[in-house]
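Written out below as structure tokens is the structure these notes cover.
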Amino acid sequence: MINVVFFAALREQLDCDSLTLESHELSTVADIIKQLSARSEQWQQTLNNASLLSAVNHDMVDKSHPVKAGDEVAFFPPVTGG
Amino acid sequence: MTSEISIQHQDFALADEVALLEQDNATDGAVVTFTGRVRNNNNDTEVSTLTLEHYPGMTEKSLAKIIATAKERWDIGRVKVIHRIGALKVGEQIVFVGVTSKHRKDAFAANEFIMDYLKVQAPFWKKEQSDKGEQWLDAKHSDEAKAQQWS
């Protein structure tokens, strides 16, 4: 299983803070985006925003980054701390 | 030795943090601190409260990486980064960065570097409550440009 978490505006737009996915057939972050985008128009729009950031196991990564069972994958908007 | 990173709801006191940076630290003659506070106005909007959200785990990891990079780049001694989360009113402190070094140049540079990278890499998000309702703040291109100046 892969644990997927969402933050800030993304979490509110999707009305979802976390979910789990079966890991087979998912080899990259982009595969996760593709699978979740099929859920609805809202998911499609939110996850295909050009400014979307992603992290795997707490490190910021590109969409081509590999994923495997046990990983935590996060999606969030550009950060605004400080 | 106390932890270099603290993500917390409660406020902090500048004097206490400086005392910790200086305690039993005879080698470093320079102490540079930065404190960020909630201001009352953003893009012509009257702000009443900011709510800070973060990504537990990744926040600490990204800040640790930024601090490690600063230590490779400059000859610095102690570092402390505090970032508050939750609801913060106008005038309240949000963030603290403190750096010590033998000489001021490294402490100034490292402090600014840590703050610039925190702004664009640490997973915090601000939601603004104002007279116009509430909204998540957009990232600023100027912050990205500022961080890139160090590369």
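Convention: sequence-line order gives letters A, B, ...; per-chain numbering from 1.
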Which atoms of [X] are under 4.5 Å from chain A, going by heavy atoms: the side chain, the backbone, both sets, or neither?
{"X": "B/Asp138", "value": "backbone"}
{"X": "B/Lys140", "value": "neither"}
{"X": "B/Trp136", "value": "side chain"}
{"X": "B/Lys119", "value": "both"}

Worksheet entry | Shortest non-hydrogen contact between B/Gly98 and B/Leu21, atoms and distance | CA-CD1, 3.9 Å
Discussion item. Suppose we call two aromatic rings close when their centres sit under 6.0 Å apart. Are A/Trp43 and A/Phe6 close by that rule?
Written reply: yes
Worksheet entry | Aromatic ring proximity, centroids under 6.0 angstrom, B/Trp150 and B/Tyr117 | no
Item to complete: Compare all side-chain heavy atoms of A/Lys63 with those of A/Leu52 and state whether any distance is below 4.5 angstrom.
Response: yes
Practice prompt. Establish, from distance only, whether the side-chain atoms of A/Ser64 and A/Asp62 form a donor-acceptor pair under 3.5 Å.
Written response: no
Worksheet item: Using non-hydrogen atoms only, which part of A/Ala8 is less than 4.5 Å away from chain B: side chain, backbone, both, or neither?
Response: both
Worksheet, complete the sentence: Looking only at B/Met115, B/Arg84, B/Gln121, most heavy-atom pairs under 4.5 Å shared with chain A are made by B/Gln121
